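Please read the structure below before turning to the comments.
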Amino acid sequence: MGTEAEISPREAEVLELVGAHLSNAEIAARLCLSVRTVESHVSSLLRKLRVPDRRALARRAPEAAGAAPSHPAPVLPAPLTSFVGRASERAELTEMIRAHRQVTAVGPGGVGKTRLALAVAGEAVGEYSDGAWFVDLVPVTDPGMIATAVAGAAGLGEQPGRDMTESVVAALADRHALLVLDNCEHVADGAALFLERLLATCPRVTVLATSRARLMVPFERVYPVPPLSLAVDGESDAVALFMERAAAVGWPLDPPLREQIAAICARLDGMALAIELAAARYPTLGLDGITAALSHPLRMLTGGSRADERHRSVRAALDWSHALLEPADRALLRQVSVFTAPFTAVAAAEVVRFGPGPVGTGPVGTGTVGTGTVDEGIVADGLARLAEQSLLVVTASPAGTGYRALETIRQYGTERLAEAGELVDARSRHLRWCLAQAAGLTVVRADWRARFDLVADDLRAALAWAADRPERRADAYELARHLAELTFTRHLTGESQRRYEQAAELAGDPADRASMLRQAAAVAGCRTIGDDMYRLRRAAADAARDSGDGAGAAADLATAATVAFRFSTTFVRLPPREEALALVREARERAGDDPAARAAVALAEAGVLTDAFGAAQGPSENEVPETIARAEHAVDLARRTGDPLAESAALDALIGAQSWAGDTFAAAGTARRRVALLSSVPISPAGTHELVDALAMVTEAGLGAGDVPGARRWARRLAGHPSLAEVGHRATCRLLMVDALAGDVAEVLTGSVRFLDAWRRAGSPALSILRPAAAGVAMIHGLRDDRRARREWQEVLERLGTPPEGTYGYGAVFDALLLLHRGRAPEALERMAPEAGQVWKWVTWIWHHWYVALRTEAAVLAGSPGARDRLAEARTVVAGNPVAGAIVERAGALLDGDREALLATADAFGAAGCRYQSARTMVLAGGPHAERGEAVLAGLGFAPMTPARSR
């Protein structure tokens, strides 16, 4: 039976989503699993499919999903998967990583650091309960992108509100894992900073790094990787490697030739890469030919330390191997060195150029650069010849056969490119290729992520080169802008913001700079980083002023002031009200008659002057009529601009004003209007920010008005929004609140797994938006009489804190529901002792009708003397709310002893999507109805109700 037959159905689902380049959190959300469970499946798949890392697993997904061969070919070539000798080195390095949390294997390029690290990791992985991750840092050209590379290897995504480093560190905080960071030397400073944060926060993570020099990290232990052993008597790892590589290309060697092979290996100082290059020439030169060819260049190696000689040994082997190539193949090798990541023959054909003679007759040189596209077939043949000589490695690729050079060879090719005077031309062609690739990625298809991931590192490398060259500034700006858009689509929002800011720096026109800064501010909004939104909008205002756009500057200043109030909870340093007022005044002066600027100023006035958003620094004396009037004026001006995003922001202010006024149905209607407005808005940073906020608002507003089906529909859309995949606690908190109030046990139990898992991975943040959900889950466990689970969620609530709205808003509602289920109506009434009007600021939003209705029922069941008066008042308050209205009518029927009216409310609850309340009503009706009601409650997962008892 083949390996694939061992893959379970669930693993097959996970594999398919890994193949789609989804992160572990995205897979968990799609399959309703915990991230831990997904990680376990991924580790199992790596073992079963015999692949070394997540990227290779993604490449195998399409094959494994179909009828794959029973013995699949390895994804990586033999030189990278087979390992020869080094028994003592493996043992020593294994013991070091057992004893120390950060070990760096150091040595010159070509000594074999990577293969040794892979071999040690493969043997040690079973000692780490969460497995091992291998991260190749060769494609990383920006030290700030190390965390992104680690995230890609570990299947992690960026959590909004955190940069990628913070997201990775938080996700690995409780993991017991081995992290292999390969080829750190060119980003050593960034690697050191990343490792310091990782090791300080993740006590059970061990790091094995490879580098040409130590990383200077605290507590680092260094393991110098020696050359392969050269002993003639007994075993020689160097000789074994030469013979194994020669046999791999179909030319096995006889044991009597060992002494001659040993002499060759000694000339090459036991350097693994040099030996492999020599072995690749054996079929054409034989041992005598190799010995003769090596003699001349190696005679030039004089002086210096032994380590230096080893560097020179590899360089000499490369020089020798390079000299044996045909001129066209030399040109090909050096020109493809501009690729940072694996590339295809198609890509190479667009970047490589040959001279003016017949194609393939000579290298490109200064003044002889060809202008036409090289035939792909000719390039493919050349790449195959280079691979045969171990100068390129063949890899699997979603786009077909891929190639890459080991870092030492790539650096050698770049040096040769510079010596030939071709470096600028080759990098320029690579830059043009990258711009074309970026433009082609603007259309999002099913395979978009795989296509982006294939070229992303090259886009970054090309941008890094172009950004430092004044003559390429315009191209660099375009590439930075494209990369900002693409990384936003890929949900790499931290990088997206950084690229937009980089584009702003590269922009030649101040108007373009202002545009990029506005986009960066919008991305910061998606990341819930208010300080950056505020800073970037003020910077955009400065750029707009420089461009002569006074109206644009006014809109930016006004928007900055609005941000300080509308998103005040996302700030670390909250701008004082006086500062925001100054921005509003300046914006008002600059706005003139421009419709967009006037609309932005009107919104700022509604937010800052009358605090329509209920901000922390808002005025306490704000009056409801004035707040509503200013919000409505802002909506009217925004609508005239024809900009749906501006109108959505103004509608958000109106929702806030209506909720403070206690107009539940108006707030719900405005929230629905806002979502409908955004339904046709194209995906963009600003559109995404508005939509996520609007879905949260419409869910809460709908629930407050008793529209449970509608609230659930919006909440599910919010929970599935891709921008929230990495923050499952934020994604699911509204849905949990809806399902808890509806009494949907199964949905609450499923959603709470994702919530709790994500919340803990995020470091258990005390976010106010999470509290109602946690209280609702705790209530559901109370209704199920699961005391252990209820205690766990009450501990979560304690971590989240208990503000006034927890006492008088959602906390009172959820506590009352549980107390009434347990027949403790007097305690429920005490829990809701304050009149709704006394605590209106805490219950007016979505809790007002629920509070009034449940308080009325508690008064009736507790036999309160004023119950009938409360009933009449409550009917007026909740009129039009199907759920709260049914609760009040049920209380009236109980007070009047009207069973027919009581049973009618059961039907009303069913129609409103509240099966729990419907079943509860049947139990309250008594007799045979009670038996049916208890059966329904049991089927839903609830414990039996306790009969109500009055004082």
Side-chain angles (χ1 to χ4, degrees), residues 699-700 702-704 706 708 711-712 715 729 732-745 747-749 751-752 755-756 759 767-787 789-834 836 839 842-858 861 878 881 883-884 887 909 913-917 919-920 937 940-943 945-946:
T699 296
E700 296 187 357
L703 195 58
V708 172
R712 180 180 285 115
H729 49 303
T732 60
C733 62
R734 270 86 178 192
L735 183 56
L736 283 171
M737 191 166 60
V738 174
D739 288 333
L741 285 172
D744 195 331
V745 174
E747 292 295 325
V748 169
L749 296 182
S752 64
F755 177 103
L756 196 58
W759 180 66
L767 298 176
S768 60
I769 62 170
L770 306 179
R771 294 166 184 152
V777 176
M779 178 203 72
I780 288 294
H781 287 303
L783 293 174
R784 298 176 66 238
D785 201 23
D786 187 337
R787 298 180 183 181
R790 178 166 167 78
R791 280 196 303 271
E792 180 182 24
W793 281 90
Q794 285 176 322
E795 290 172 2
V796 172
L797 269 175
E798 290 174 6
R799 293 283 300 272
L800 293 173
T802 307
E805 60 266 32
T807 300
Y808 300 114
Y810 62 84
V813 167
F814 286 125
D815 286 350
L817 283 166
L818 179 57
L819 289 167
L820 289 170
H821 182 88
R822 292 176 173 175
R824 295 156 60 179
E827 293 177 55
L829 186 58
E830 287 180 9
R831 180 68 180 84
M832 310 182 85
V839 293
W842 311 121
V843 302
T844 291
W845 184 216
I846 70 171
W847 310 108
H848 188 202
H849 288 180
W850 293 87
Y851 188 95
V852 169
L854 290 169
R855 192 168 182 273
T856 302
E857 180 173 321
L861 292 174
V878 305
N881 184 317
V883 180
I887 293 174
F909 283 122
C914 293
R915 291 186 295 166
Y916 165 74
Q917 291 293 350
R920 171 176 164 75
L937 287 175
L940 293 174
F942 294 107
M945 281 176 53
T946 304

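Being a predicted model, the structure only gives us computed values, none of them experimental.
- Two residues are said to be in side-chain contact when any heavy atoms from C-beta on lie closer than 4.5 Å; Ile780 and Phe942 meet this criterion.
- Scanning both residues, Gly751 and Leu736, for their nearest heavy atoms gives C-CD2, 3.8 Å.
- Taking CG of Leu783 as the reference point, atom CE of Met945 lies at 10.0 Å (rounded to 0.5 Å).
- Of all heavy-atom pairs between Leu818 and Gly782, the closest is CD1-C, 3.5 Å.
- When all heavy atoms of Ala773 and Cys733 are compared, the pair lying nearest together is CB-O, 3.2 Å.
- Heavy atoms only, all atoms of each residue included: Val748 and Ala740 are closest at CG2-N, 3.7 Å.
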_Would Asp744 and Tyr916 count as a side chain to side chain contact (heavy atoms under 4.5 Å, CB included) here? Give the steps._
CA-CA 7 Å; Asp744 195 331; Tyr916 165 74; over 6 Å; no
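- Judged as a side-chain hydrogen bond (donor to acceptor under 3.5 Å, both in side chains), and not counting sequence neighbours, Arg790 has no contacts.
- Looking at Trp847, its side chain never comes within 3.5 Å of a backbone N or O of Ala812 through a donor-acceptor pair.
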*Decide side chain to side chain contact (heavy atoms under 4.5 Å, CB included) for Leu756 and Trp793; before the verdict, give the C-alpha distance in whole Å, the side-chain angles of both, and the deciding distance to 0.1 Å.*
CA-CA 9 Å; Leu756 196 58; Trp793 281 90; 4.1 Å; yes
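- Remark: Arg831 engages Asp815 in a salt bridge (Lys or Arg N to Asp or Glu O under 4.0 Å) (not counting sequence neighbours).
- Atom CG in Asn881 sits 11.0 Å away from atom NE2 in His848 (nearest 0.5 Å).
- Contact annotation: the side chain of Trp850 approaches that of Val883 to within less than 4.5 Å [non-hydrogen atoms, C-beta and beyond].
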*Verify side chain to side chain contact (heavy atoms under 4.5 Å, CB included) between Val813 and Leu854, making sure each step is shown before the conclusion.*
CA-CA 7 Å; Val813 167; Leu854 290 169; 3.7 Å; yes
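- Put simply, CG on Leu749 and CG on Asp786 are 8.5 Å apart, with the number rounded to the nearest 0.5 Å.
- Among Val796, Leu800, Leu797, the one residue that satisfies the side-chain contact (heavy atoms from CB on, under 4.5 Å) test with Leu770 is Leu800.
- Interatomic distance, Glu747 CD to Arg712 CZ, rounded to the nearest 0.5 Å: 7.0 Å.
- The minimum heavy-atom distance between Ala711 and Gly702, with the atom names listed, is CB-C, 4.3 Å.
- Sequence neighbours left out, the pairs with a member in residues 767-782 that pass side-chain hydrogen bond (donor to acceptor under 3.5 Å, both in side chains) are His781-Arg784.
- Contact annotation: the side chain of Leu817 never approaches that of His821 to less than 4.5 Å [non-hydrogen atoms, C-beta and beyond].
- The aromatic rings of Phe755 and His729 sit perpendicular, their planes meeting at an angle over 60°, well past the 30° parallel limit.
- In this structure, CD on Gln917 lies 7.0 Å from CD on Glu857, to the nearest 0.5 angstrom.
- Proximity of Val738 to Thr699: side-chain heavy atoms (C-beta onward) are separated by under 4.5 Å at one or more points.
- How far CZ of Arg734 is from CG of Asp739: 14.5 Å, rounded to the nearest 0.5 Å.
- Between Pro834 and Tyr851, some side-chain heavy-atom pair lies under the 4.5 Å cut-off.
- Across all non-hydrogen atoms, the minimal contact from Ala775 to Phe814 is CB-CD1, 3.7 Å.
- Looking at Arg855, its side chain does come within 3.5 Å of a backbone N or O of Met832 through a donor-acceptor pair.
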